[in-house]
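Here's the structure, in structure tokens; my notes come after.
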Amino acid sequence: MLILKYLEVQPNMTVSPSSRPVICRFAPSPTGFLHIGGARTALFNWLFARHHGGQFLLRVEDTDRARSNQDAIYAILRGLDWLGLSWDGEVVFQHTRIETHQAAAHRLLAQGQAYKCFATPEELTEMRERARAEKRTPKYDGRWRNRDPNEAPAGAPYVIRLKAPPEGETVIQDAVQGTVTIANSELDDMVLLRSDGTPTYMLSVVVDDHDMGISHVIRGDDHLTNAFRQTQLFHALEWEPPVFAHIPLIHGQDGSKMSKRHGATGVEDYRDMGLLPEALRNYLARLGWSHGDDEIFSTEQAVEWFSLEAIGRGPSRFDQAKLETINAHYLRAVDPKVILPDCVARLGEKRDRALNSDEQARVEKALPFLTERVKTLVELSDLAYFLVADRPIPMDKKATKALTEDARERLADIYPRLQGIGEWTETNLKSVLDEALAEWQIGFGKLGQPLRAALCGQMAAPSITDVLAILGRNESLGRISDQLATKGQSKPID
RNA sequence: GACCCCUUCGUCUAGUGGCCUAGGACAUCGCCCUUUCACGGCGAAAACACGGGUUCGAGUCCCGUAGGGGUCGCCA
């Protein structure tokens, strides 16, 4: 149904592609999760479509049934959804269109633009090996191109190949790479239909892109050479090719192709690492594309500014540190309510026990003081852990070191003063601390450090009064007395 | 190996022949702020791959070299 809809907007094309309605597509093959490179490709397509008020379609390239699996499809959809890249209409599954693809091949066969090839896999292997040995480009030699199919043994399997132009050159006007030309003699006659009658990727893509009315194909430049073959196919079918835009690949930190050894490569890994989707979008948009010196920009701005001309032509390396810095910006700006559930969930996992409502309230109150100190949601929950740790709370090395004999004495001194506070408010807390400091003639650090250690078990934390207020009277006093007790000092009187 | 593409600080990039003494951001280092950790502010170091042209003038145009990447399947 959906496909018919796009067929309707596809009259006999006489106009140039650039004047067509803008329809982009993201066409992943469901062989794994949504790769970070794929995510950026999807993002660029999405931005371009939104910028032009066009459509962004999703097509699952699953013609190779053996390599496709349901989990991968879900993972890809989840990834896109998480990233906020909504597609228009329903997902097109390529395998449902096989008959249409086959029809196109048979039409070319009938028109003499394609032919049956009976070359065996062994023959092809031999051709390739010889070519390599002679340092030529390996390719099919066209041995069945002009041969009578009747010469083949009866019932022998065959593929259908395109009768590609043997001379001249094929040119594509790539919106990113510019004019790219290749001699037709470099290309061989591509297979359209396999010996089992199923269509190849090359055929399916061309037929689907045409039928879906795709005006712009934005994809990784590993497809650049495919664009030549696809252009030949478009010509043979007498369809106008879309505008191609081949964007450079994303490389790992070491400059080689992004792969598993670079750690996280799936978008869902980034979600688990505690990144906000808007931060990833911002980072990915800035990677290989630019709008002057702008670094932090909203998705709306990206949509408004996006253009293919501003995409760089060289590959770019993935920089985790910069990603996290951008994430930190968004973390500080985000409404705490949005990230609270995530933080609560991570803390529950860390502790192996869900947070009760009191603890949740504690975390909620603390969030604004915490987000400005971390770069990811993982760091956030690490930092927040002390809020919900069971007493006596764990002490890290620096905290232990801060709790000197001297320090414990001060804690013992301050304990009854805190205990005597009427209303446990920040203002009252502050004045009690200030009074003590004035009395003892010491700087805030001398008291603050031990308090921080006792209260947080770590030195990285919000300000002391904030912590006291968030923890509340009972918990605060309890944590302080825990430290007094461990040193064998007399327990303060309740 | 063949073909195609790419090449500005460590990284992402601005730059479309004179505004470039090459700008910004991340990372790094220093200083300031400071009750810790962060934030923030100020500052430093850091690049036009190389060689030839064209031009009054080149990061910007052309050619070559080097380096990097991609593709070469009845995979997608």
Side-chain angles (χ1 to χ4, degrees), chain A residues 27-31 61-64 66-68 94 117 119 121 124-125 128 131-140 157-161 174 176-178 180-183 185-188 190-196 198-202 204-205 220-228 246 248-249 251 253 255-257 283 286-296 309 312-326 328 332 369-375 383 398-399 402 433 437 443-449 451-453 456 458-465 467:
Chain A
S29 57
T31 51
E61 312 239 308
D62 56 355
T63 50
D64 185 1
R67 293 214 313 171
S68 306
Q94 200 160 49
C117 167
L124 294 173
T125 309
R128 269 194 291 274
R132 260 188 242 278
E134 293 169 12
K135 302 190 171 177
R136 299 186 337 258
T137 304
K139 56 179 195 182
Y140 172 66
Y158 61 88
V159 299
I160 292 180
R161 287 180 185 272
D174 193 281
V176 172
Q177 307 291 342
V180 190
T181 307
I182 194 172
S185 56
E186 293 296 328
L187 269 19
D188 62 4
M190 74 186 105
V191 174
L192 267 22
L193 252 35
R194 304 183 186 104
S195 55
D196 64 359
T198 59
T200 58
Y201 159 81
M202 216 60 85
S204 298
V205 165
D221 74 7
D222 49 338
H223 283 284
L224 187 60
T225 47
N226 288 337
F228 294 110
H246 290 92
L249 266 19
H251 287 177
Q253 245 117 357
S256 68
K257 205 173 174 179
Y283 175 73
R286 191 65 180 73
L287 195 63
W289 174 80
S290 64
H291 180 263
D293 284 334
D294 292 308
E295 296 286 346
I296 305 282
E309 293 72 51
R313 307 213 274 179
S316 39
R317 298 186 188 200
F318 193 85
D319 185 352
Q320 185 77 18
K322 185 158 182 177
L323 206 208
E324 292 189 1
T325 300
I326 288 175
R332 274 174 249 143
F369 302 102
L370 266 23
T371 49
E372 61 190 34
R373 296 176 153 76
V374 296
K375 294 189 165 180
L383 180 62
K398 281 185 183 166
L433 296 184
L437 293 179
F444 196 108
K446 296 257 190 252
L447 174 61
Q449 297 298 68
L451 264 178
R452 188 185 316 284
C456 308
Q458 62 197 31
M459 299 318 279
S463 79
I464 293 298
T465 45
V467 172

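Protein chains get the first letters and strands the later ones, always in sequence-line order, with residue 1 at the start of each.
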**OP:** Could you list the residues that satisfy side-chain contact (heavy atoms from CB on, under 4.5 Å) with A:Gln449, not counting sequence neighbours?
**Re:** A:Arg452, A:Met459
**OP:** Using a 90° cut-off around 0 for syn, call B:C39 syn or anti.
**Re:** syn
Subject >> Per-nucleotide protein contact string for nucleotides 21-29 of chain B (B base, S sugar-phosphate only, - none; heavy atom under 4.0 Å) >> reply: --BBBSS--
Original post:
Should A:Thr225 be listed as having a side-chain N or O under 4.0 Å from OP1 or OP2 of B:C3?
Top reply: no
Original post:
Within this structure, what is the CG-to-C1' distance between A:Leu451 and B:C37, rounded to whole angstrom?
Top reply: 16 Å
Subject >> Integer angstrom distance from the C1' of B:G40 to that of B:A46 >> reply: 24 Å
Original post:
What residues, two or more places apart in sequence or in another chain, satisfy side-chain hydrogen bond (donor to acceptor under 3.5 Å, both in side chains) together with A:Gln458?
Top reply: none
**OP:** For A:Leu249 and for A:Gln94, locate the closest nucleotide of RNA chain B by heavy-atom distance; then report the residue assigned to the nucleotide nearer the 5' terminus.
**Re:** A:Leu249
Taking N or O atoms only and anything under 3.5 Å, show me the protein contacts with nucleotides 5-7 of chain B, one pair per line.
unit_1: B:C5; atom_1: O2'; unit_2: A:Gln177; atom_2: OE1; d: 3.1
unit_1: B:C6; atom_1: OP1; unit_2: A:Arg313; atom_2: NH1; d: 3.0
unit_1: B:C6; atom_1: OP1; unit_2: A:Arg313; atom_2: NH2; d: 3.3

Subject >> Options B:U35, B:C74, B:C37, nucleotide nearest the side-chain atoms of A:Arg373 >> reply: B:C37
Original post:
Hey, is the main chain of A:Lys139 close enough, under 3.5 Å, to the side chain of A:Asp188 for a donor-acceptor pair?
Top reply: no
Subject >> For A:Ala321, side-chain contact (heavy atoms from CB on, under 4.5 Å) partners two or more places apart >> reply: A:Asp319
Original post:
When rounded to the nearest Å, what value does the distance between C1' atoms of B:C9 and B:C48 take?
Top reply: 10 Å
Original post:
Which nucleotide, in any strand shown, forms a Watson-Crick or G-U wobble pair with B:U65, with both distances under 3.5 Å?
Top reply: B:A49
Original post:
Given atom CG of A:Leu383 and atom P of B:U36, what is their separation to the nearest angstrom?
Top reply: 16 Å
Original post:
Separation of A:Leu447 atom CG from B:U36 atom C1', in whole Å?
Top reply: 13 Å
Subject >> Residue A:Arg452, side-chain atoms from C-beta onward, closest of B:C12, B:U36, B:C3 >> reply: B:U36
**OP:** State which residues pass side-chain contact (heavy atoms from CB on, under 4.5 Å) with A:Thr125; sequence neighbours excluded, sorted by chain then number.
**Re:** A:Arg128, A:Glu129
**OP:** Could you check whether A:Gly288 gets within reach of a base, just the sugar-phosphate, or nothing at all, counting any heavy atom under 4.0 Å?
**Re:** sugar-phosphate
Original post:
To the nearest angstrom, how far is A:Arg317 atom CZ from B:G68 atom C1'?
Top reply: 9 Å
Subject >> Same-atom distance (C1') from B:C72 to B:C29, integer angstrom >> reply: 47 Å
Original post:
Atom CG of A:Asp221 and atom CG of A:Asp174: how far apart are they, to the nearest 0.5 Å?
Top reply: 8.5 Å
Original post:
For atom P, what is the distance between B:C31 and B:C37, given to the nearest Å?
Top reply: 14 Å
**OP:** Using side-chain hydrogen bond (donor to acceptor under 3.5 Å, both in side chains) as the criterion, list what pairs up with A:Asp294, not counting sequence neighbours.
**Re:** A:His291
**OP:** Return the 5'-most residue of the pair A:Pro462, A:Tyr283 with respect to RNA chain B, ranking by each residue's nearest nucleotide.
**Re:** A:Tyr283
Original post:
Excluding sequence neighbours, so at least two apart, what forms ring pair (Phe, Tyr, Trp, His ring centres under 6.0 Å) with A:Tyr158?
Top reply: A:Phe118
Original post:
What distance, rounded to whole Å, do you find between the two C1' atoms, one in B:G43 and one in B:U54?
Top reply: 42 Å
Subject >> Pairwise C1' distance for B:U8 and B:G67, with rounding to whole Å >> reply: 16 Å
Subject >> Donor-acceptor under 3.5 Å (A:Thr371 side chain, A:Arg332 main chain) >> reply: no
Original post:
So which nucleotide does B:C29 pair with, by the Watson-Crick or G-U wobble rule with both distances under 3.5 Å?
Top reply: B:G43
Original post:
Could you give the CZ-to-P distance, from A:Phe369 to B:C37, as a whole number of Å?
Top reply: 19 Å
Original post:
Out of B:C4, B:C74, B:U36, which has the shortest distance to the side chain of A:Ala461?
Top reply: B:U36
**OP:** For B:A76, take OP1 and OP2 only and decide whether either is under 4.0 Å from a side-chain N or O of A:Thr63.
**Re:** yes
Taking only nitrogen or oxygen atoms into account, show me every contact under 3.5 Å that the protein makes with nucleotides 41-49 of chain B, one pair per line with its distance.
none

Original post:
What is the pairing partner of B:C3, taking Watson-Crick or G-U wobble pairs with both distances under 3.5 Å in any strand?
Top reply: B:G70
Original post:
How is A:Ile464 classified with respect to the nucleic acid when contacts are heavy atoms under 4.0 Å: base, sugar-phosphate, or nothing?
Top reply: base
**OP:** Verify, without hydrogens or angle tests, whether A:Arg286 (side chain) and A:Glu295 (backbone) share a donor-acceptor contact under 3.5 angstrom.
**Re:** no
**OP:** Counting heavy atoms from C-beta on, name the nucleotide in B:A76, B:C74, B:A38 closest to the side chain of A:Arg128.
**Re:** B:C74
Subject >> Protein-nucleotide distance (A:Asn226, atom CG; B:C4, atom C1'), rounded to Å >> reply: 12 Å
**OP:** Please name all residues satisfying side-chain hydrogen bond (donor to acceptor under 3.5 Å, both in side chains) with A:Asp293, sequence neighbours left out, ordered by chain then number.
**Re:** none
Subject >> B:A14 OP1/OP2 closer than 4.0 Å to side-chain N/O of A:Ser290 >> reply: yes
**OP:** Write down the distance between CD (A:Glu372) and C1' (B:U34), rounded to a whole number of angstrom.
**Re:** 13 Å
Subject >> side-chain contact (heavy atoms from CB on, under 4.5 Å) partners for A:Pro28, two or more places apart >> reply: A:Phe26, A:Leu58, A:Ile76
**OP:** Could you tell me whether the side chain of A:Asp62 and the main chain of A:Gln94 form a donor-acceptor pair under 3.5 Å?
**Re:** yes
Subject >> Interatomic distance, A:Ile296 CD1 vs B:C39 C1' [rounded to whole Å] >> reply: 14 Å
**OP:** Report which part of the nucleic acid A:Ser195 touches: base, sugar-phosphate, or nothing (heavy-atom distance under 4.0 Å, all strands).
**Re:** base
Subject >> Donor-acceptor contact present, side-chain A:Glu61 to main-chain A:Tyr201, <3.5 Å >> reply: no
Subject >> Residues which pass side-chain hydrogen bond (donor to acceptor under 3.5 Å, both in side chains) with A:Thr325, listed by chain and number, not counting sequence neighbours >> reply: none
Original post:
Considering only the P atoms, how many Å lie between B:C19 and B:A58, rounded to the nearest integer?
Top reply: 11 Å
Original post:
Among B:U35, B:U13, B:C74, which nucleotide sits nearest the side chain of A:Val159?
Top reply: B:C74
Original post:
Base, sugar-phosphate alone, or nothing: which one does A:Ala119 contact when heavy atoms must sit under 4.0 Å apart?
Top reply: base
Subject >> C1'-based separation of B:U13 from B:U60 [nearest Å] >> reply: 16 Å
